[in-house]
Amino acid sequence: MSPAHSGCAGPMPSEESSLEAERRSKIERLRSRRIEPYPHSFPGRVPTREVAAAASRLAVGEESAHAEYRVAGRLRSVRTHGRASFADLVDQSGTLQLVLRSDVLGDEAYAAWLSDLDPGDIIGAIGYAGRTRRGENSLVARSLVLLAKAISPPPEKYHGLKDEEQRIRRRYLDLLASEDVRRRFRLRSEIVQEVRRAFDAAGFLEVETPILLPVASGAAAAPFVTHSRYLDEELQLRIAIELSLKRLLVGGLERVYEIGRCFRNEDLDATHSPEFTMLEAYWAYADYHDLRRLLEDLFERVAARTQELMPNVPEVRAATDRFRPPFPTLDFVESLERASGISRVADLSVDELRLRARAIGATVPDDSPPGIFLDKLFEHYVEPTIDHVSFVIDHPASTTPLAKRHRSKAGRVERFEVFCRSFELGNAYTELNDPDEQERRFREQLSARGEDTYAYDADFVAAMRYGMPPATGIGIGIDRLVMALLGATSIKDVLLFPQTRARSG
RNA sequence: GGGCCCGUAGCUCAGUCGGCAGAGCAGGCGGCUCUUAACCGCAAGGUCAGGGGUUCGAGCCCCCUCGGGCCCGCCA
């Protein structure tokens with residue numbers, strides 16, 4: 001038993017419906033038949049897919065009583081047909097039809113099972129493969145075993161669970177009602193595995209660094225704040241992994257990555273969740289070109305796996321097509337100039353930039369640094385034009401205070417962002433490793449903006465003074481990557497248990 | 001934080017002009033040995049999100065609250 005997760009526990013239906021009373025009375029009946037409704041295990045089961053495969057090798061109408069199979073899963077529907085019935089059994093491998101016949105199960109058992117089983121029950125079936133006269137791959141059941149009686153009825157068998165609130169709050173119902181939803185979340189896990197494989201294969205070490213920190217830094221965001229009773233000190237939940245991983249570079253771990261939850265005390269909307277899964281990777285002695293190559297390979301692989309797992313879903317097909325190489329490269333400045341018609345945009349004064357930003361309706365403070373205005377212009381003119389997965393590279397230095405200066409382009413930094421359908425998937429730099437410059441920029445950040453800014457992490461600067469190798473680093477939003485691959489329009493579609501308000505009253 | 005929309009049976013949804021609360025699925029009873037959203041017949045199932053108001057009369061109109069969705073603003 002894993003630790004209970006909080007959050008979605010929520011108060012749920014207190015009064016039982018008459019349907020539930022009916023099912024409870026069936027439990028009593030079953031017990032009077034000396035059938036335990038909640039037994040301990042069901043050994044020897046095979047996936048339903050295996051039986052379906054065996055049945056598919058038979059002729060229509062043929063049955064093969066030689067081999068016996070044990071399958072288990074959730075009963076989805078029962079089509080009673082007098083002295084023969086058909087039931088659909090769903091397990092993780094798929095759906096298998098059970099053929100229930102009084103002449104095979106025995107008249108008494110047949111009648112008893114039909115009256116005491118309901119859709120939603122977890123059952124085991126023991127029998128042999130057969131193909132019905134209508135050609136359906138089936139298991140002809142010699143006996144049935146109740147494994148868990150469901151008291152609450154499942155969602156409607158055809159339409160499933162549609163109510164968005166219920167889908168989120170009671171994701172288990174959404175999952176049990178929809179093979180498609182189950183596949184999407186399975187895909188999410190596989191994408192994470194694929195990411196691990198890519199970084200492992202490139203010689204990276206997966207590490208785990210603190211989530212609870214004295215001060216959350218490494219990004220500009222509002223942290224969640226908590227309190228340690230032991231220390232009697234305030235702690236903050238991390239908003240980024242960056243500074244922990246860079247400390248590891250100082251310590252001589254040359255290639256490290258972490259996949260983990262980060263927390264930002266901000267709104268939930270279509271592309272933001274207060275807790276989200278971030279991949280960050282840091283690579284000593286390499287630069288952002290190396291990371292980009294690694295990423296391009298990774299994208300091809302996850303897109304292929306996505307198509308494999310979810311063929312024939314048009315929106316998924318359209319989404320994965322965006323991950324087909326080559327991936328366009330957009331120079332930040334050139335693409336902005338082309339899209340906006342503004343020439344020499346990087347040379348404009350702050351005042352000119354502010355006017356341009358105001359003209360497109362950007363609502364940022366007047367005293368913002370030039371990079372903020374450039375970002376706004378880019379968001380307005382260029383981002384909406386990005387559909388295919390694309391790399392935006394070499395941003396003006398003023399937009400990116402914490403990246404290393406570009407080695408050849410004046411006024412730029414070595415950075416790329418990956419975009420898909422106008423939202424950002426990832427962000428990579430050739431990292432700063434001059435401790436004095438790091439400290440200076442931290443301080444500039446502090447004075448530049450208000451509350452949501454980089455907290456000053458003195459120990460991190462101290463670490464860098466011992467020497468951090470030249471390195472490149474990247475952050476990828478795993479939730480967004482999954483969204484992009486599935487063509488999902490809301491981050492809630494890729495989070496098993498998105499944040500919801502506690503139910504009151 | 002601002003705007004718009006939604007909440008009816010366990011689930012999926014109708015509900016017209018303010019006039020008896022409806023259907024399908026699921027469940028109950030009966031029928032059916034090839035169905036697959038099985039089908040046929042009968043009966044049952046409601047705090048119309050919650051609270052207040054208008055009205056002879058409110059699921060429907062008005063106000064408040066709760067929850068959700070979408071758009072905008074901010075962060076990835």
Side-chain angles (χ1 to χ4, degrees), chain A residues 10 13 15-23 25-26 60-61 76-88 95-104 110 115 118-120 130-138 140 150-170 173 177 218-223 239-240 262-274 276-280 361-365 375-376 417-419 423-427 450-453 475-481 483 489-492 498 500-505:
Chain A
E15 316 127 28
E16 294 209 336
S17 67
S18 59
L19 295 178
E20 290 169 330
E22 188 65 46
R23 285 164 178 243
S25 75
K26 290 179 183 181
V60 169
R76 187 172 59 196
S77 62
V78 183
R79 298 175 288 281
T80 64
H81 219 290
R83 296 171 63 73
S85 296
F86 304 90
D88 289 336
T95 300
L96 179 69
Q97 175 169 275
L98 304 180
V99 175
L100 312 177
R101 287 206 311 249
S102 58
D103 60 344
V104 180
Y110 175 82
S115 65
D118 290 294
R131 243 180 123 190
T132 62
R133 294 200 276 267
R134 295 293 176 92
E136 181 73 21
N137 299 326
S138 307
V140 181
I151 290 170
S152 302
E156 211 261 359
K157 66 187 172 192
Y158 184 67
H159 298 92
L161 195 65
K162 285 278 180 57
D163 183 285
E164 279 301 319
E165 181 177 356
Q166 293 304 320
R167 288 190 55 207
I168 290 168
R169 286 187 190 273
R170 307 169 83 183
L173 291 182
I239 56 176
C262 290
F263 305 84
R264 299 190 182 178
N265 206 340
E266 286 153 5
D267 287 356
L268 180 109
D269 67 22
T271 54
H272 298 84
S273 170
F276 60 103
T277 301
M278 182 96 102
L279 159 80
E280 290 197 38
T363 57
V364 284
D375 273 337
K376 287 291 161 191
E417 285 179 285
V418 196
F419 283 90
F423 67 77
E424 189 184 17
L425 290 180
N427 187 16
E451 301 155 18
D452 294 0
T453 187
I476 294 173
I478 295 292
D479 315 277
R480 288 186 174 185
L481 176 60
M483 280 177 72
T489 54
S490 169
I491 197 168
K492 292 178 193 173
T500 50
R501 269 174 214 284
R503 280 276 184 110
S504 62

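Letters A, B, ... mirror the listed sequences (proteins, then strands); counts begin at 1.
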Ignoring the backbone of [X], work out which of [options] is nearest its side chain.
X      : options             : value
A/S102 : B/U33, B/G10, B/G31 : B/U33
A/D269 : B/C75, B/G67, B/C34 : B/C75
A/L19  : B/A26, B/C74, B/U33 : B/A26
A/R133 : B/C75, B/A26, B/U33 : B/U33
A/D103 : B/U33, B/C70, B/C74 : B/U33
A/E164 : B/U36, B/G69, B/G67 : B/G69
A/E156 : B/C32, B/C25, B/G69 : B/C25
A/T500 : B/C25, B/G68, B/C34 : B/G68
A/D118 : B/G27, B/A76, B/A26 : B/G27
A/R501 : B/A37, B/G67, B/C32 : B/G67

Rounding to a whole Å, what distance do you find between A/Q166:CD and B/G68:P? 11 Å
Between B/C70 (C1') and A/I168 (CD1): distance, integer Å: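 Going from A/I168 (CD1) to B/C70 (C1'), I get 13 Å.
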Regarding [X], tell me which of base, sugar-phosphate or nothing describes its non-hydrogen contacts under 4.0 Å with the strands shown.
X      : value
A/T489 : nothing
A/G120 : nothing
A/Q97  : base
A/E136 : base
A/T271 : base
A/F423 : nothing
A/L161 : sugar-phosphate
A/N427 : nothing

Using the [atom1] atom as the point on both nucleotides, what is the distance between [M] and [N], in whole Å?
N     : M     : atom1 : result
B/G52 : B/A14 : P     : 28 Å
B/G15 : B/G69 : P     : 24 Å
B/G68 : B/U16 : C1'   : 27 Å
B/C48 : B/G18 : C1'   : 15 Å
B/U65 : B/C20 : C1'   : 31 Å
B/G19 : B/C72 : C1'   : 42 Å
B/U54 : B/C60 : P     : 15 Å
B/C17 : B/C61 : C1'   : 12 Å

Nearest-0.5 Å distance that lies between atom OG in A/S273 and atom CG in A/D267: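 Rounded to the nearest 0.5 Å, the OG-CG separation comes to 11.0 Å.
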In Å and rounded to the nearest 0.5 Å, what is the CG to CD1 distance from A/L425 to A/I478? 10.0 Å
On a plain distance test, is the side chain of A/H272 in donor-acceptor contact with the base of B/C75 below 3.5 Å? yes
B/C11 base to A/D163 side chain: any donor-acceptor pair below 3.5 Å? no
A/R167 vs A/E164, test: salt bridge (Lys or Arg N to Asp or Glu O under 4.0 Å). Steps then yes/no. CA-CA 5 Å; A/R167 288 190 55 207; A/E164 279 301 319; 3.1 Å; yes
With no hydrogens and no angle check, just 3.5 Å: does a side-chain donor-acceptor pair link A/R131 and A/Q97? no
Does [N] have OP1 or OP2 under 4.0 Å away from a side-chain N or O of [X]?
X      : N     : result
A/H81  : B/U33 : no
A/K492 : B/G69 : yes
A/K26  : B/G28 : yes
A/K376 : B/C74 : yes
A/R83  : B/C32 : no

Watson-Crick or G-U wobble partner of [N], both distances under 3.5 Å:
N     : result
B/C11 : B/G24
B/G1  : B/C72
B/G41 : B/C29
B/U55 : none

In terms of the nearest nucleotide of RNA chain B, which residue is placed more toward the 5' end: A/R264 or A/H159?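 Going by which nucleotide is closer to the 5' end, it is A/H159.
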For RNA chain B, whose closest nucleotide is more 5', that of A/G160 or that of A/F276? A/G160
Test item: [X] side-chain N/O and [Y] main-chain N/O as donor-acceptor pair under 3.5 Å:
X      : Y      : value
A/S138 : A/E136 : yes
A/Y110 : A/A84  : yes
A/T80  : A/S85  : no
A/S490 : A/K492 : yes

Take A/D88 and A/R79, measure what salt bridge (Lys or Arg N to Asp or Glu O under 4.0 Å) needs, and give me the verdict at the end. CA-CA 9 Å; A/D88 289 336; A/R79 298 175 288 281; 3.1 Å; yes
